[in-house]
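The sequence lines fix the lettering, A, B, ..., with proteins before strands; numbering per chain opens at 1.
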2 protein chains.
Amino acid sequence: MLTMSTLKKSHAEFHHGDLQAALVTAGLRHVEKHGLNSLGLRQLALVTGVSPTAVYRHFADLEHLKAAVGKASRETLGKMMLDALKSAPANKTAKGAIARFLAIGGAYIDFGIKKSNLSEIAFICFDSPELEPDSPNPSELLMASLTELNEIGCLSDRNYKTAPTIAWSMVHGFAGLAAQGATGNSGETLASKRDVLMAVLKSLDIK
Amino acid sequence: MLTMSTLKKSHAEFHHGDLQAALVTAGLRHVEKHGLNSLGLRQLALVTGVSPTAVYRHFADLEHLKAAVGKASRETLGKMMLDALKSAPANKTAKGAIARFLAIGGAYIDFGIKKSNLSEIAFICFDSPELEPDSPNPSELLMASLTELNEIGCLSDRNYKTAPTIAWSMVHGFAGLAAQGATGNSGETLASKRDVLMAVLKSLDIK
DNA sequence: GGCACAATGTTAACAATGTCAACATTAAAG
DNA sequence: CTTTAATGTTGACATTGTTAACATTGTGCC
């Protein structure tokens with residue numbers, strides 16, 4: 001009988017170890033370099049050194065695989081936001097809380113600009129079907145920053161109710177537009193990352 | 001010889017008339033009903049009653065066809081914005097200009113909510129390669145509304161510079177999030193369409 | 001230890017897709 | 001009327017996602 005093990009694979013590496021994770025990280029790497037459109041099941045299996053149908057032991061569908069890559073992409077964004085938070089002042093003052101909000105929101109926007117391919121897959125298929133929530137979770141990190149602003153006293157309870165949606169919409173929208181180069185086309189009129197974040201603060205009556 | 005004309009098509013309808021437009025509108029209809037993922041070249045040709053390869057006489061590529069459908073989608077958004085503008089007060093006052101901004105921005109958001117499938121293709125592949133600009137153009141309509149606010153005197157020149165990006169980011173971001181049902185998940189804290197538009201006005205020191 | 005059994009991977013095949021090359025038909029220009 | 005460009009058709013090819021049937025590996029149970 002002509003089997004795979006008699007040809008190339010040693011008995012020890014017939015099983016891959018952790019294929020599920022390998023596929024996701026390979027998918028992440030591919031999307032980052034070549035975009036979402038060209039992300040294929042077979043090609044991904046080839047890169048990972050595995051048979052195309054092996055993928056179906058870990059993902060029901062290509063769509064589910066994409067959802068997993070999307071989740072991973074959101075999680076790298078979450079890590080970037082946490083990093084930005086660490087590089088920000090830690091003072092428990094209004095000024096400190098504002099600085100942390102700027103850092104977190106800025107990281108979100110930077111992600112959209114510098115990793116536009118990842119940003120694309122991160123926010124398509126938002127609702128991963130029965131896939132445990134991201135950790136760290138970008139939108140919750142943003143919300144936590146607003147909660148802190150509220151607790152420290154520079155965000156009224158009234159504004160706090162709508163703050164998450166407003167902040168998220170603005171940051172998310174600017175990141176998305178920037179990812180497509182749509183923010184620098186109108187000659188005179190354009191706003192930078194800082195302008196956008198300051199606009200959020202102003203709309204929330206902060207400072 | 002066995003030709004198509006001897007079988008089914010009369011000589012008069014061998015040529016389609018305006019296939020280019022027919023493909024685009026068929027594509028629009030399909031995306032609206034069944035989403036962007038399942039938009040295929042062959043299926044589209046079948047629906048239009050034409051051979052698959054006939055598409056290549058009008059579009060270099062499936063990607064170019066999608067770009068055309070995306071443009072058409074943006075144009076239907078533009079029409080909805082114009083309709084909303086007509087149903088708004090026409091007074092050349094501050095109050096009127098604000099009402100018109102709310103109408104235009106609201107139409108943009110409604111498009112994201114009610115036509116989420118179209119919204120998806122409308123803002124993927126933003127830069128149609130050498131495809132003449134949309135008419136009516138959604139982002140320009142939004143900008144025009146801001147210009148009017150500026151000319152009428154309730155938007156300072158300083159804020160006017162950044163206003164297009166800020167307004168567009170907020171509206172576009174909220175529409176995108178709403179299209180994915182991501183705006184109603186956090187229990188207490190959520191904002192409605194009106195809240196978002198009012199936040200834009202406040203961040204621009206209007207009224 | 002030996003053995004059922006789940007987990008994981010492989011091969012072979014199928015239908016459908018995007019795309020190309022070569023050919024046919026119609027419309028327009030000389 | 002003939003030539004030529006526009007538009008559409010057929011046939012084929014490589015690639016893709018997916019399924020069914022089979023092989024291999026690791027695990028718990030007696």
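One N or O on the side chain of B:H30 and one on the backbone of B:S38 form a donor-acceptor pair closer than 3.5 Å. With hydrogens and angles ignored, the 3.5 Å screen pairs a side-chain donor or acceptor of A:T165 with a backbone N or O of B:A191. For the pair B:N91 (side chain) and B:G96 (backbone), a donor-acceptor distance under 3.5 Å is absent.
Residue B:L44 contributes atom CG, which lies 14 Å from atom P of D:dG8 at whole-angstrom precision. Atom-to-atom, CG of A:D61 to P of D:dT16 comes out at 17 Å; the value is rounded to the nearest Å. Following rounding to the nearest Å, B:F59 (CZ) and D:dG8 (P) show an atom-to-atom distance of 11 Å. A straight line from CG of A:D18 to P of D:dG26 spans 15 Å, rounded to a whole angstrom. Residue B:K66 contributes atom NZ, which lies 8 Å from atom P of C:dG18 at whole-angstrom precision. The CG-P distance, from A:L46 to D:dT16, rounds to 9 Å in whole Å. The distance from atom CZ of A:R42 to atom P of D:dT16 is 7 Å, rounded to the nearest whole Å. Rounded to whole Å, the distance from CD on B:Q43 to P on C:dT19 is 15 Å.
The aromatic rings of B:F123 and B:H172 stand perpendicular to each other, their planes meeting at an angle above 60°, with 30° marking the opposite boundary.
Residue B:S51 has its side chain nearest to D:dT9 when only D:dT9, D:dG17, C:dT8 are considered. Nearest to the side-chain atoms of A:L62 among the listed nucleotides C:dT17, D:dT18, C:dT19 stands D:dT18.
Residue A:H58 places at least one side-chain N or O closer than 4.0 Å to OP1 or OP2 of C:dG9. For B:Y56 and C:dT19, the shortest distance from a side-chain N or O to OP1 or OP2 is below 4.0 Å.
Comparing A:T53 and B:R57 by the nucleotide of DNA chain D that holds the closest heavy atom to each, the one mapping nearer the 5' end is B:R57.
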